[in-house]
> 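Starting off with a structure, shown below.
Residue numbering restarts at 1 for every chain, and letters A, B, ... go by the order of the sequence lines.
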Amino acid sequence: MPKFKRTRASKVGLPPGTLVHIGDTRADKAHISVLQYNDDTFTETKDVSLNELAQLETQSGVTWISVQGLTSAAVESIGQQFSVHPLVLEDILNTNQRPKLEDYGDYLCIILKSLEVTAGAADYEAEQVSLILGPNYVISFSENLPGDRDVFAGVYTRVISGKSKIRKLGADYLLYALIDSVVDHYFLVLEHLGEKIEMVEDQIVVQPRPELLHELHALKHDMLFMRKSVWPVRELVNALDRGESAHIQESTLIYLRDVYDHAIQVIETVEIYRDMLSGMMDIYLSSISNKMSEVMKMLTIISTIFIPLTFIAGVYGMNFENLPELKWEYGYPLVLSVMLGISLFMLRYFRQKQWL
Amino acid sequence: MPKFKRTRASKVGLPPGTLVHIGDTRADKAHISVLQYNDDTFTETKDVSLNELAQLETQSGVTWISVQGLTSAAVESIGQQFSVHPLVLEDILNTNQRPKLEDYGDYLCIILKSLEVTAGAADYEAEQVSLILGPNYVISFSENLPGDRDVFAGVYTRVISGKSKIRKLGADYLLYALIDSVVDHYFLVLEHLGEKIEMVEDQIVVQPRPELLHELHALKHDMLFMRKSVWPVRELVNALDRGESAHIQESTLIYLRDVYDHAIQVIETVEIYRDMLSGMMDIYLSSISNKMSEVMKMLTIISTIFIPLTFIAGVYGMNFENLPELKWEYGYPLVLSVMLGISLFMLRYFRQKQWL
Amino acid sequence: MPKFKRTRASKVGLPPGTLVHIGDTRADKAHISVLQYNDDTFTETKDVSLNELAQLETQSGVTWISVQGLTSAAVESIGQQFSVHPLVLEDILNTNQRPKLEDYGDYLCIILKSLEVTAGAADYEAEQVSLILGPNYVISFSENLPGDRDVFAGVYTRVISGKSKIRKLGADYLLYALIDSVVDHYFLVLEHLGEKIEMVEDQIVVQPRPELLHELHALKHDMLFMRKSVWPVRELVNALDRGESAHIQESTLIYLRDVYDHAIQVIETVEIYRDMLSGMMDIYLSSISNKMSEVMKMLTIISTIFIPLTFIAGVYGMNFENLPELKWEYGYPLVLSVMLGISLFMLRYFRQKQWL
Amino acid sequence: MPKFKRTRASKVGLPPGTLVHIGDTRADKAHISVLQYNDDTFTETKDVSLNELAQLETQSGVTWISVQGLTSAAVESIGQQFSVHPLVLEDILNTNQRPKLEDYGDYLCIILKSLEVTAGAADYEAEQVSLILGPNYVISFSENLPGDRDVFAGVYTRVISGKSKIRKLGADYLLYALIDSVVDHYFLVLEHLGEKIEMVEDQIVVQPRPELLHELHALKHDMLFMRKSVWPVRELVNALDRGESAHIQESTLIYLRDVYDHAIQVIETVEIYRDMLSGMMDIYLSSISNKMSEVMKMLTIISTIFIPLTFIAGVYGMNFENLPELKWEYGYPLVLSVMLGISLFMLRYFRQKQWL
Amino acid sequence: MPKFKRTRASKVGLPPGTLVHIGDTRADKAHISVLQYNDDTFTETKDVSLNELAQLETQSGVTWISVQGLTSAAVESIGQQFSVHPLVLEDILNTNQRPKLEDYGDYLCIILKSLEVTAGAADYEAEQVSLILGPNYVISFSENLPGDRDVFAGVYTRVISGKSKIRKLGADYLLYALIDSVVDHYFLVLEHLGEKIEMVEDQIVVQPRPELLHELHALKHDMLFMRKSVWPVRELVNALDRGESAHIQESTLIYLRDVYDHAIQVIETVEIYRDMLSGMMDIYLSSISNKMSEVMKMLTIISTIFIPLTFIAGVYGMNFENLPELKWEYGYPLVLSVMLGISLFMLRYFRQKQWL
């Protein structure tokens, strides 16, 4: 479960546009690879240095510059080369940014939270992904280094393979494919959390334990985090979809509408999971109180049967010199019978009250 | 109670428009039948093969192509013949789709969730139904095979019988009739669930059992599912009703407004049921705590009466050599009288406190 | 408390416009009376047959056709005569209709839920009332037969008496008067329910009983029903008030604004009652838990005082041959004093803890 | 705490515009005083009779007619003189009216709820205040008689004193000053209730008593009443502020914006108080359950320590002839030591469990 | 935790525009300093008297007049010099003002709540900050005196240092920088409260104590206060951002959009914290009830084991002359064995019920 980071505070007082990487620093060096392709040709250059990048010509085809690992130096250098506004560069480096879309006329800037299922103890991890769409290029920034989880792997494969229609279409379609890939990964995380929710639900019905409450709480937290991540994506794609940007072609809008539908589906599922988690909380609490009720009934039945009997035994344990029953020949069996009678009466009474 | 499926995840990484059937695969073969009719004539062809379909001419009348059972092959072939966008075909095959309306100019695409009451253990089943409206044809896709539950059976009968005005009107009226039929079936499911809710309500008042809590939970789940299914239908019909599509004639709008009213009525009923279920949860919990309270009173009354008496018996059970009361002639009856007095006082006290 | 009816389901599969009376059938025959009036003249014809109605001329004045009791035949016949759309006729007969306003150009159709306080066990009853406003006529349909509760009785009296300004104004003012009468009756029902709520509130404070919880639940149900009935009326009157219909004169708008205010007042009162009922639920639950707490304190005080004393008595009831205290001359009074001391200490402790 | 009145019901069936005073009738006679002023001159006439009023000329300056105490006769007579619509007069007399603004072209009508802190048991009282703004006059109607609480006293003083700028400005500024005075009094009531809330809050933390719950409930009720009174004021001032009325000069709008801000501040404070009251309810309930928990622990500790000891004493109180321990010389001290050991073990166990 | 102040009431009845300082009076004297700068030059004058200020010329560059400490005299004098509307001056002095933006054409007035973390017992303090933006000047009013916490310190340093681009840009950019500084300080307070929330959360899981409940309550209160402070800031920046004011240049809008994003982020975090606090309340309550449940189980286990045993001991403590078992040679060990058997059976039963 990713934490809600609050480290923006470390920038208080600095002028806007100051490039400071905020977040769990993961990278010493930005790994840059450049893919240039059109319908026919395709070239890939890995581990491009900042200098080499400065000499890059963005040809007639589509250029995808993929930056993995965030360093101030790399972001600043790329920013200068493509004349990106300093505030955008600041947002790219500040990994606590809220997902957003900004249209600067010459280019679009999109910031997203990508969620990826992880193998370890944490169920999933969040990564900030930034995309810049220019006339015929897309620059993608991700926090993870090559070799780590890569949310864009599927798109990369489709570009490489050359069979997909992605090679025939423009930079805006590449942008769509990258956003779609991020949204698709939300489904994976949701499916993972959904399985966990069902597991917890089954256990709550069978045997409510306090630990389940903490798991419920953690899952609720996860849902809050997902909602916070996905809601702005919905708005953002909707804004793109209104087709006001010059960089998005008409034919791509239909695909963006598809992403929009998926984003809504993610949000709806999150809301349903939240409702389910609330319902499970109710069931948990009422199971606890049922158990308690059962315990109390046990105590009450045992106590109310034996307390009067013990009292009778106490009476005939008194040492009065003149206690006539003690001298009766059948006093003892008589008292035992009376006790038995009382118990039977009590048991019938409890059965009638449906406590047994 | 249908599950919230999360299997969209299996498509992550694939390019858009990839035709993969997502859902509980129910069909090996799509059963296609074609109805062609106008005011005078009427022809029906059952079990049309894909090849035969390719040679179909859509005449001056209305053509209703009904596809029962979803296979990638059938959907793709029909899609090519009627030049349907690949994304639409993908949505038709992905049965976890959210209900939606898309206007592609040449044709409208509508995706709905149909709910049908079933005889078995599950109260109802959901099926994805897709409708494509062209100039003079409607293509309907449903998951169920012929012979299975068919949400469109009533419309089919009306077309066949020839008495209804459906034969006199265009393809847009057929579309309306199909949507209306889906919405009408929601009422059947609601009525079914409503009866169940009333049954559970009666039982909760009479005798609250933990199993009822789980039934309440399941019914709440059902209401979440229905709301999720019906809300988009309301928006969708509203969008149709605004009359912006060239395929919908003015005279049909009035009927769509009627469907819209029904959709709102379904949603309102769902909301009222949700409110009722929450209220029943409160009653359940307070019944439980009432029972608990009754148990506790029992324990307290028995204990507080007998504990002091047992103490007195204990006192006169002590073996002190010099315990004068033991030697009194009327010691025993005196003690018994004192005990009786204490019990009567206690009982009156409890009556006064309204515990009895 | 009227039930939420779900019998629309019986119409599933029928074509739209099919005239079937849905609801608790109350009438074998529709009782039709016709009032025709203007500033000077006034004629009233009671128990008009459908044939006579067909020959009715709607003169220069205002004609009010009042249909009491719904039958398919009457509705259909009147519908044909005034060329009303079949869907409207269907809605008039389907008494589970949601309140609504439809403007068909030539005429307006308004469907309302009228609520009337009843003398019997049920606090109030709901009746569906439909109004059709044409150029110089109003047709009103109500479910109740003449002699039964009549929500329009006041308006009728005002027309008859001739003193009210209703005789000087047009059909739109008559429509307003009828709607106003329906909304005014909501206040009567609200007042009735409000008295009941106060009664229950007083009882909850004095002596919480489980039956009160069910009354609370029923009152909440009533509020849900009222909200469902009144909300659409508010929207409907607002729509009328926007003055877009040709049938409503400017001078009537000011009166409709008044009805709108009343509708809002009803809704606000319903919301306040809902809030009050929720608060009463809280008070009920906490009263229950207070009682429980009192019971527990009783048990604890008695137990914790006597259990140690009984233990001491038990010690000196042991039969050890060598138990020196038993032979002390003042052993018994000493033990009694110790017991008394322990009780006093306990009582002071409880007083200090504010349990007494 | 003012009650939610429901006496509008007494007017059901009457035609609109019927002048019946609804509310707690407080006045036999309306006390009318007339203030006429402009920058230089100022005249005040107290206890004007209806006849004298009919001869009043509204001069070039501003005329403020203040009516204290509502009678049908006075309202009707004034209404005729200034040609006010009968519906407005009806609203003025019906003191259960919802606050509202109506623009009749020639004049504006504003109805407000004024709340004033009272010295007695009730914390505050509500009064309906109606304002009519004409070209150069304002008519104010209030329920209270002269000598009683007067929400407009401050404005009156400012007009009299002649130092405030109110004398230099028009009738619309007078209207603003009167509305502002009403809104300002809300702050006094809020401050009063706020102090009460804090007092209750302190007591809940120190010692939760059931009476506090009823005070909480009453305060919640108060907040509902205030919200109901203030919400429409906000809308109403906002509507005035849009500057659509010919009677409001541009220069007054800035002052109305100020009143609007104050109304929002009142609403926000009410919402915060509601939130605080909900939180206090939680604290109350959890304090109760804490006390209960403490009581239970007490019972459990005493019981679980002494019940085993009493059992041991019981064992050696048995009268078996052959019970060897009874004959041991150190049997008694040994048993006492065992008992002591058990108690110490129990106490340590409870300490470890943090029950002590 | 700052209190919700309610002292506006002290102004009831005064005419609008009356300059009375409302709030915790902190200043005897306003400390005014003037910064004048453009790209090249820079002059700073500290402790300017009101007379000196009156002779100030606002040159071609930017003039920042910083007023620290609020006195009626200073605010009135500055107000006259810059022809500020009396209502604005009143709002500046009334420190219970709601954050707002007013555009008076010649100048903009912005009122904000600044929150600053404090070292002492209170976690943070609120201060009202007012900003007036004229053609080439900004006047800032803050409650704190020089030497105290200063929310604008960072901006001051940037202006002084001359390295930041703030010196190259206009008065609107200075305004942005000041607002940005206020919003940035919200993050510091949020971070502080976030740490406190986590601390409380950890403690609740480990050991729930009643004091934690009060801390939760206080934190909820803080969140209410923050929401109340930040919500209007969001709206206000959004209004600025729409670019309707002549005083804001196009190039500054992009920076305001950035502040807007930050305000949304603050609000979202506040909402998430509120959600977390509600969840923690649930966990607290269920921990309490878990503990209670554990206590009850303990009591029940001990009681139900020993009560039957004590009864048996009581039976053989009876003094019947004819009680055969007492004379059996192995009566005592037999009874002991039976008792042991019962205990073992009970223990196994409890284990089976999972109470142990």
> With sequence neighbours excluded, what pairs up with A:T300 under the side chain to side chain donor-acceptor pair (under 3.5 Å) test?
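Applying side chain to side chain donor-acceptor pair (under 3.5 Å) to A:T300 gives none.
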> Rounded at 0.5 Å granularity, tell me how far CE in B:M298 sits from OG in A:S303.
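One finds 11.0 Å between CE of B:M298 and OG of A:S303.
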> Between A:Q265 and B:N96, does a side-chain contact (heavy atoms from CB on, under 4.5 Å) hold up when you go through it step by step?
CA-CA 9 Å; A:Q265 219 176 330; B:N96 300 328; 4.2 Å; yes
> Hey, which of B:I288, B:V335, B:L323 has the most heavy atom pairs under 4.5 Å with chain A?
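Top option by heavy-atom pairs under 4.5 Å: B:V335.
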> Examine whether an atom of B:Y284 lies under 4.5 Å from a heavy atom of chain A, and if so say whether it belongs to the side chain, the backbone or both; otherwise answer neither.
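For B:Y284, the contact with chain A is made by the side chain alone.
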> Out of A:K297, A:E271, A:R257, which one racks up the most heavy-atom pairs below 4.5 Å with chain B?
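Answer, by heavy-atom pair count under 4.5 Å with chain B: A:R257.
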> By a 4.5 Å heavy-atom criterion (distance strictly below it), what part of A:N290 contacts chain B: side chain, backbone, both, or neither?
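The side chain, not the backbone.
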> From B:I302 CD1 over to A:F306 CZ, what is the distance, rounded to the nearest 0.5 angstrom?
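Atom-to-atom, B:I302:CD1 and A:F306:CZ are 14.0 Å apart.
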> Hey, which of A:V189, A:T304, A:L299, A:T310 has the most heavy atom pairs under 4.5 Å with chain B?
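Highest number of heavy-atom pairs under 4.5 Å: A:T304.
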> Looking at every non-hydrogen atom in both residues, tell me the closest pair between B:K291 and A:K353 and how far apart they are.
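Minimum heavy-atom contact is NZ-O, 4.2 Å.
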> To the closest 0.5 Å, what do you measure between NE2 (B:H214) and OG (A:S287)?
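It comes to 5.5 Å.
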> Between chain B and each of A:I307, A:D282, A:I166, count heavy-atom pairs under 4.5 Å; write down the option with the most.
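Heavy-atom pairs under 4.5 Å are most numerous for A:I307.
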> For A:I254, which atoms come within 4.5 Å of any heavy atom of chain B: side chain, backbone, both, or neither?
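When you check distances to chain B, atoms from both the backbone and side chain of A:I254 fall under 4.5 Å.
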> Check whether A:E201 gets within reach of chain B through its side chain, its backbone, both or neither, counting any heavy atom under 4.5 Å.
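Side chain only.
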> Rounded at 0.5 Å granularity, tell me how far CH2 in B:W328 sits from CG in A:N322.
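Nearest 0.5 Å value for the CH2-CG distance: 13.5 Å.
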> Return the minimal non-hydrogen interatomic distance between B:E325 and A:F320, and the atom names on each side.
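Minimum heavy-atom separation between B:E325 and A:F320: O-CE2, 3.5 Å.
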> Go through the atoms of B:M318 and report whether side chain, backbone, both or neither lie under 4.5 Å from a heavy atom of chain A.
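Backbone only.
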> Heavy-atom cut-off 4.5 Å, strictly under: side chain, backbone, both or neither for A:Y156 against chain B?
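Nothing of A:Y156, per the 4.5 Å heavy-atom cut-off to chain B.
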> Residues two or more places apart in sequence or in another chain: which of them pass side chain to side chain donor-acceptor pair (under 3.5 Å) with B:K100?
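For B:K100, the residues satisfying side chain to side chain donor-acceptor pair (under 3.5 Å) (neighbours in sequence not counted) are A:D261, B:D91.
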> Should we say atom OH of B:Y104 is surrounded by more than 12 heavy atoms from elsewhere, each under 6.0 Å from it?
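Yes, because the 6.0 Å sphere around OH of B:Y104 holds more than 12 heavy atoms from other groups.
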> Measure distances from B:L285 to the heavy atoms of chain A and classify the residue's part below 4.5 Å as side chain, backbone, both or neither.
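Looking at B:L285, just its side chain touches chain A.
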> Measuring from atom CD1 of A:I272 to atom NE2 of B:H221, what distance do you get when rounded to the nearest 0.5 angstrom?
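So the CD1 of A:I272 and the NE2 of B:H221 are separated by 7.5 Å.
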> So which part of A:F152 gets closer than 4.5 Å to some heavy atom of chain B, the side chain, the backbone, both or neither?
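When you check distances to chain B, no heavy atom of A:F152 falls under 4.5 Å.
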> Mind checking the CE-CE spacing from A:M296 to B:M296? Nearest 0.5 Å is all I need.
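That separation rounds to 3.5 Å.
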> Where on A:Y316 is there a heavy atom nearer than 4.5 Å to chain B: the side chain, the backbone, both, or neither?
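A:Y316 touches chain B through side-chain heavy atoms alone.
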> Are more than 12 heavy atoms, taken from residues, nucleotides or ligands other than A:E250, located less than 6.0 Å from that residue's CD atom?
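Check fails, neighbour count at 12 or below.
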> In terms of heavy-atom contacts, does CZ of A:R242 have more than 12 from other residues, nucleotides or ligands at under 6.0 Å?
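For A:R242, atom CZ is crowded (more than 12 foreign heavy atoms under 6.0 Å).
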